[in-house]
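Atoms within each ligand, like the ligands themselves, are counted from 1 in listed order.
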Amino acid sequence: MYFIDVILPIPLKQTFTYNIRKEEASFLQQGMRVAVPFGKTKVYTGIVYAVFKDKPPNYETKTIDQILDEQPLITQRQIKHWEWIANYYMCTLGEVVRAALPSAFLLESETIVSLIASEKEVDESDFSDEEFMVFEALQHQPSLHINDIRNILDKQHVVKILDGLLQKKVIEVQEEVYEQYTPKLKRYLKLASNYASEENLRALLDTLTRAPKQREVLMNLFMLSAQQKKPVESVELQKKSDTTASVIKTLIDKGVLEEYFLQRDRIQYEGEEASEVKELNEAQEQAFSEIRSNFDNQDVVLLHGVTSSGKTEIYVKLIAELIATGKQVLYMLPEIALTTQLISRLQFYFAEKVSVYHSKYSVNERVEVWNNVLNNKPKAQIVIGARSSLFLPFSDLGLIIVDEEHEPSFKQYNPSPRYHARDAAIVLASLHQAKTLMGSATPSLESYHNAETGKYGLVQLKKRFGNVLMPDIELVDIKEKHRKKLMKGHFSDHLLEAMHEALANEEQIILFQNRRGFSPIVECTTCGISPQCPNCDVSLTYHQYKKELRCHYCGYHMAMLQSCMACGSETLDAKGFGTEQIETELSSLFPDHTIARMDQDTTRGKHAYAKLIEKLENLEIDILVGTQMLAKGLDFRNIGLVGVMNADNLLNFPDFRAHERSYQLLQQVSGRAGRTEKRGKVLIQTFNPYHQILQQVSTNDYELMYKQQTEERYQYKYPPYFRTIKITCKDRNFDKMQKAAVWFGRALELKLGANVLGPEQPPVGRIRNQFITNILVKIPKQQSLGKTKNYISKVQRSFNAIKEFSTVRLSIDVDNY
Ligand code: ADP
Ligand code: ZN
Ligand code: ZN
């Protein structure tokens with residue numbers, strides 16, 4: 001008898017054994033897909049893990065349905081990497097597979113397929129009869145389940161047929177699709193080249209004395225191009241000249257003006273040689289060669305470079321060098337949806353060598369990138385991706401760049417695998433004998449600690465590119481401003497003054513407020529009660545635009561109340577404030593300026609985020625209010641002022657990383673100010689200007705922040721000195737949840753003693769009607785991580801055997817965030 005061990009994309013156990021025929025055994029290899037039956041009626045696509053002979057397990061094995069691949073779709077290195085992830089983050093290989101593969105590769109009984117809508121005629125001639133039947137059926141019904149297809153074909157094993165149709169791009173699996181945004185083209189105007197000489201120009205202006213409107217347009221064109229040193233947009237010129245489109249058209253028809261079109265992302269590179277890597281300045285050159293020499297004896301290097309120091313250009317040069325050797329490069333970013341800027345920047349240099357990979361892209365796009373990477377195609381030599389890109393089948397990886405390595409969104413929280421993409425990337429690189437470069441203006445304490453202790457190389461870049469000064473950061477004491485009655489709404493006189501000044505200089509302004517919505521809490525001034533979410537233990541947030549109360553945890557919403565539900569009084573008052581309220585205040589304070597808001601509510605729609613960025617770049621927005629979305633490494637040219645409305649709610653967040661996070665966020669938003677010659681200004685409003693973190697932000701003193709924070713971490717036993725594992729218990733029944741958690745905690749204490757904390761309810765103790773409690777295990781450096789995890793798994797197995805706790809959901813989060 002021959003058998004295979006198969007990884008199924010489910011959280012049950014590591015592998016499942018099936019029996020196969022002898023011929024199949026000689027054909028199958030690790031990394032190929034097979035369709036297998038599971039339970040009574042289910043079918044799954046699984047990955048072959050091992051093929052073996054004559055070792056019947058002590059239970060009856062089923063036969064596989066079908067073999068789906070001719071060649072392995074997954075490399076041995078990938079399997080090794082995934083085993084590391086499963087092992088380190090305490091989950092099953094199946095959970096990793098589920099996260100790793102595009103769903104089109106994992107057809108299963110639950111999958112729904114439909115025809116791809118396309119103008120192109122489908123070539124039916126190379127369909128098999130069965131493929132044709134499925135194709136025909138899907139023309140009558142928009143979508144079909146695998147079981148429907150079984151009935152239609154009167155056949156049990158249909159996965160291979162569907163897989164074939166998927167590969168022919170006739171059908172697709174249903175899922176939410178995210179389309180890539182194509183920036184719109186804008187019209188620009190310039191003086192026709194034959195008027196370049198002064199002589200001709202003078203003659204032209206003379207002839208135009210009888211056409212004052214046209215002359216006016218020309219004068220404005222000269223003024224605008226002199227003022228802003230960038231292309232003059234047609235709309236802008238028309239507005240400035242207070243004229244009509246037809247006057248401009250006349251000038252174009254006469255051959256005086258020339259029109260041309262640019263994609264908005266090209267503007268930045270105007271005047272620079274296309275696709276030539278920029279020459280690095282001295283400091284960058286120095287950093288670049290330090291990185292290279294560090295790589296001689298280090299696998300991981302941390303590039304600590306202040307905002308706008310030109311880190312990206314250094315990455316570009318490294319990539320250029322590396323791809324010349326034929327190797328692959330992975331460029332990881334915290335959130336790809338937020339990185340249209342970077343994608344166009346890299347495409348600018350590397351054109352068709354760049355592929356983008358993201359879980360929100362359509363399955364077909366992802367499958368295509370997967371196959372290109374697997375076959376080491378030039379098209380996918382450089383992959384830009386969010387965390388899931390580290391699951392791609394690289395064959396010859398030379399370098400991984402982890403940009404903005406401090407970003408918490410590199411850690412996947414739900415569902416399992418709860419992996420940290422930065423850390424998993426380092427392991428991936430080592431499997432390829434490749435190098436990892438991490439970059440940040442505000443490194444995580446963990447990474448900086450690793451650099452300081454020599455585990456990673458460290459390269460510093462302390463100056464901004466082009467002698468641009470670091471922004472001037474000032475703290476504004478709003479307690480005092482309140483006392484002196486110098487506040488207008490949430491704006492201090494100081495902030496307002498700075499805003500007027502910036503606007504007068506035609507600079508743009510970014511305002512940062514860490515909460516979305518209008519005012520987080522509505523409170524009855526008579527009885528003090530605020531409306532709560534029925535499913536979660538949080539107060540509802542007031543959203544003025546829709547006059548709604550919303551829960552930010554579960555999405556529950558209701559119309560704004562007219563009167564208090566508890567006492568009936570109509571004295572409802574809004575407490576606190578969010579982005580929406582700031583926006584409202586702004587529109588009455590600055591009625592003549594365009595104001596926009598960037599938060600989860602305004603960026604929900606397709607491309608909404610990219611459109612906002614585009615508008616800001618095109619100077620169509622004067623003041624942008626936003627949440628921490630604004631902090632994401634964006635490079636804007638014209639931001640003169642950044643205002644932080646209130647730093648305190650960041651600092652007071654109940655989490656051991658809150659201070660580190662505050663420093664990072666405030667530095668990063670500040671970094672959006674003044675990225676050109678003029679020094680940018682940052683005003684941070686706070687009730688507590690003497691807070692050490694705010695002082696460190698204002699003096700840009702990362703080292704001091706690092707020193708103080710790590711001392712605290714040491715004292716309170718947190719990373720980077722201790723590792724942490726968080727165990728969460730959830731249940732709809734509070735008592736059961738509590739009992740289960742106490743049992744688990746006691747069991748852990750037996751061996752781990754005082755390093756087990758809790759169970760403790762988090763600040764929001766109930767979400768979507770599930771009560772939640774956490775246990776935190778702290779692991780000192782000298783204690784074996786592997787043994788500790790084994791012990792936790794052992795406790796978990798005993799726990800799972802207790803009937804009373806069968807409904808309690810348990811999740812384990814290693815290196816939790
Ligand atoms: P960081 O990634 O450190 O925030 P960037 O790489 O975005 O900094 O650089 C900031 C700005 O300076 C960008 O507009 C970039 O194009 C420009 N820049 C950086 N290095 C160079 C260079 N060597 N030559 C020309 N422009 C550069
Ligand atoms: Zn009341
Ligand atoms: Zn809720």
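- Between T307 and ligand 1, a contact under 3.5 Å exists for no N or O pair.
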| query | Where do K278 and Q284 land on the side-chain contact (heavy atoms from CB on, under 4.5 Å) test, with the steps shown first? | reply | CA-CA 11 Å; K278 289 198 178 78; Q284 286 172 313; over 6 Å; no
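- Residue L280 approaches ligand 1 through these ligand atoms, each under 4.0 Å from one of its heavy atoms: 23 (N).
- Per-residue contacts place E313 under 4.0 angstrom from the following atoms of ligand 1 (heavy atoms of the residue considered): 6 (O), 15 (C), 16 (O), 18 (N), 19 (C), 20 (N), 21 (C).
- Rounded to the nearest 10 degrees, the angle SG (C551) to the Zn ion (ligand 3) to SG (C536) equals 110°.
- For ligand 1, the atoms lying closer than 4.0 Å to a non-hydrogen atom of T312 are 2 (O), 5 (P), 6 (O), 7 (O).
- By the criterion of a heavy-atom distance under 4.0 Å, the side chain of K278, and not its backbone, is placed next to ligand 1.
- The shortest side-chain heavy-atom distance between L461 and V306 does not fall under the 4.5 Å cut-off.
- In this structure, of S308, G671, A283, the residue bringing a heavy atom nearest to atom 4 (O) of ligand 1 is S308.
- Within the 4.0 Å heavy-atom cutoff, S309 counts among the residues contacting ligand 1.
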| Is there a side-chain contact (heavy atoms from CB on, under 4.5 Å) between E703 and Y448 once you walk through the steps? | CA-CA 10 Å; E703 267 75 21; Y448 206 73; 2.7 Å; yes
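- With a 4.0 Å cut-off on non-hydrogen atoms, E279 touches ligand 1 through its backbone and not its side chain.
- Where the criterion is an N or O separation shorter than 3.5 Å, residue side chain and backbone included, G310 meets it with respect to ligand 1.
- At least one heavy atom of R345 lies less than 4.0 angstrom from ligand 1.
- Looking only at atom types and distance, the side chain of N769 has a donor-acceptor partner in the side chain of R766 under 3.5 Å away.
- Rounded to the nearest 0.5 Å, atoms CG (L616) and CD1 (I621) are 5.0 Å apart.
- Going from atom OG of S444 over to atom NE2 of H449 covers 11.0 Å, rounded to the nearest 0.5 Å.
- Contact check for V383 versus Q328: no side-chain heavy atoms found under the 4.5 Å cut-off.
- Residues passing the side chain to side chain contact (heavy atoms under 4.5 Å, CB included) test with Q381 are I323, K353, sequence neighbours excluded.
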